[in-house]
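What you see below is based on every heavy atom in this structure, not just the backbone, and it leaves out hydrogens, waters and symmetry mates. All residue numbers refer to positions in the sequence shown, counting from 1. Just so you know, these numbers come straight off a predicted model, no measurement behind them.
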Amino acid sequence: RQGPFSVAKTLNICYDKISSVKFIGKFLAQLGLCKKRTIIRIKNTGKMIVRVRTMQPWKHFCTITRHRHEVIRNCFHAGILWQGLRHDLSKYSPTEFMQGARYYQGDRSPNAEERERNGYSIAWLHHQGRNKHHFEYWQDYDPKTRFKEPVKMPVKYVKEMFCDRVAASKIYYGKNYKEDMPLAYFEKGKYCRMIHPETSDLIEKLLRMLKEKGEKETFRYIRSLKKY
């Protein structure tokens with residue numbers, strides 16, 4: 001199924017060698033005309049039908065907007081509504097939106113697909129330097145060692161990061177969402193995460209509280225949290 005604004009093409013190619021299907025799929029992907037999971041069907045007549053889905057702007061718009069609305073709701077409960085209203089606005093910029101539409105997945109971030117395809121994500125590089133609720137934003141050169149080191153995040157942005165992570169899990173897991181999922185995702189990448197130890201401890205504490213005590217109690221605690 002295609003969204004009302006999705007761009008799709010169907011190529012009818014007469015070809016008698018089924019073994020070349022994968023090659024053609026990869027070739028089209030390299031040209032940026034389709035995703036890796038191009039739908040290819042071989043008819044008895046020997047005609048190969050390649051369905052090429054190039055962009056999903058409408059679906060991507062709906063996903064990031066639903067996510068933003070969920071974050072706004074969480075930020076309201078966390079006592080930082082103004083931050084919620086400004087959350088992730090850079091995703092609607094041409095640099096981020098076009099990449100998101102091209103690598104749209106639906107069940108995970110398009111940045112992951114773009115990174116797998118190209119080795120890096122243009123959208124993410126643009127996003128992380130403009131949104132203070134990402135711990136990747138808080139990195140700078142140590143004046144003594146001259147190495148890039150993680151910086152302790154202000155507490156208000158840790159609160160927004162919590163709201164963001166919970167919202168993302170709800171959007172991607174849908175009806176299967178459970179309150180232990182944000183913590184499980186955090187722990188999955190903990191070993192390689194470049195984040196200040198105190199910031200890491202706080203966000204893990206909040207996610208663990210969500211798992212054990214639920215949203216209502218966790219948001220109550222977040223509203224009372226002034227420093228760490």
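Remark: E212 CD to T218 OG1 distance equals 9.5 Å, nearest 0.5 Å. Rounding to the nearest 0.5 Å places CG of N131 at 13.0 Å from CE of M161. Taking NE2 of H60 as the start and CD of Q99 as the end, the distance is 9.5 Å to the nearest 0.5 Å. Here OG of S169 is found 10.0 Å from CG of L183. Values are rounded to the nearest 0.5 Å. Taken from CD in E116 to CG in N111, the straight-line distance is 11.5 Å, to the nearest 0.5 Å. Distance CG/L125 to OG1/T95: 11.0 Å, rounded to 0.5 Å.
Considering every non-hydrogen atom in both V158 and L206, the closest pair reads CG1-CD1, 4.5 Å. What you find for G100 and P110 is that their closest heavy atoms are O-CB, 3.7 Å. Across all non-hydrogen atoms, the minimal contact from K132 to W138 is O-NE1, 2.8 Å. The minimum heavy-atom distance linking Y228 with P154 is given by the pair CE2-C, 4.4 Å. Across Q139 and P150, no two heavy atoms sit closer than the pair CG-CA, 4.2 Å. When every heavy atom of S121 is checked against every heavy atom of E114, the shortest pair comes out as OG-OE1, 2.8 Å.
Side-chain contact annotation: K190 with Y185, donor-acceptor N/O pair under 3.5 Å absent. Remark: the Y103 side chain and the N118 side chain contain an N/O donor-acceptor pair separated by less than 3.5 Å.
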N/O donor-acceptor pairs under 3.5 Å from side chains in residues 64-82, not counting sequence neighbours:
from	atom 1	to	atom 2	distance (Å)
T65	OG1	F61	O	2.7
T65	OG1	Y92	OH	2.9
H67	NE2	D164	OD1	2.8
R68	NH1	L85	O	3.1
R68	NH1	H87	O	2.7
R68	NH2	L85	O	3.4
E70	OE2	R73	NE	3.1
E70	OE2	R73	NH2	3.1
E70	OE2	K170	NZ	3.4
R73	NH1	H77	NE2	3.4
R73	NH2	E215	OE1	3.4
N74	ND2	C163	O	3.1

Trace of the side-chain hydrogen bond (donor to acceptor under 3.5 Å, both in side chains) decision for H126 with E96: CA-CA 7 Å; H126 185 273; E96 293 185 35; 2.7 Å; yes

For side-chain hydrogen bond (donor to acceptor under 3.5 Å, both in side chains), just list the numbers for K216 and Y221, CA-CA rounded to whole Å, side-chain angles, deciding distance to a tenth of an Å, and then say yes or no. CA-CA 9 Å; K216 187 175 181 180; Y221 174 79; over 6 Å; no

Verify side-chain hydrogen bond (donor to acceptor under 3.5 Å, both in side chains) between H127 and D88, making sure each step is shown before the conclusion. CA-CA 8 Å; H127 186 80; D88 274 358; 3.1 Å; yes

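Note on I122: it does not cluster hydrophobically with L89, by side-chain heavy-atom contacts below 4.5 Å among ILVMFWY residues. M98 and W124 fall into different hydrophobic clusters, where Ile, Leu, Val, Met, Phe, Trp and Tyr side chains are chained together by heavy-atom contacts under 4.5 Å. Two different hydrophobic clusters hold V166 and I171 under the rule that ILVMFWY side chains link at heavy-atom gaps under 4.5 Å. Note on M181: it does not cluster hydrophobically with Y172, by side-chain heavy-atom contacts below 4.5 Å among ILVMFWY residues.
Taking the centre and axis of the six-membered ring of F186, the NZ or CZ atom of R193 falls inside the cone set by 45° and 6.0 Å.
The closest side-chain heavy-atom distance from L207 to F162 is below 4.5 Å. A heavy-atom distance below 4.5 Å is found between the side chains of E187 and R208. Side-chain contact between F219 and R223: present, with at least one pair of heavy atoms (C-beta onward) separated by less than 4.5 Å.
Remark: R108 engages E113 in a salt bridge, criterion side-chain N to carboxylate O under 4.0 Å.
Under the 3.5 Å distance criterion, the side-chain polar atoms of T199 are matched with a main-chain donor or acceptor of M153. Proximity of a side-chain donor or acceptor of S200 to a complementary backbone N or O of H196 within less than 3.5 Å is not detected.
Screening residues 134-163 for salt bridge (Lys or Arg N to Asp or Glu O under 4.0 Å), with sequence neighbours left out, gives K152-E198.
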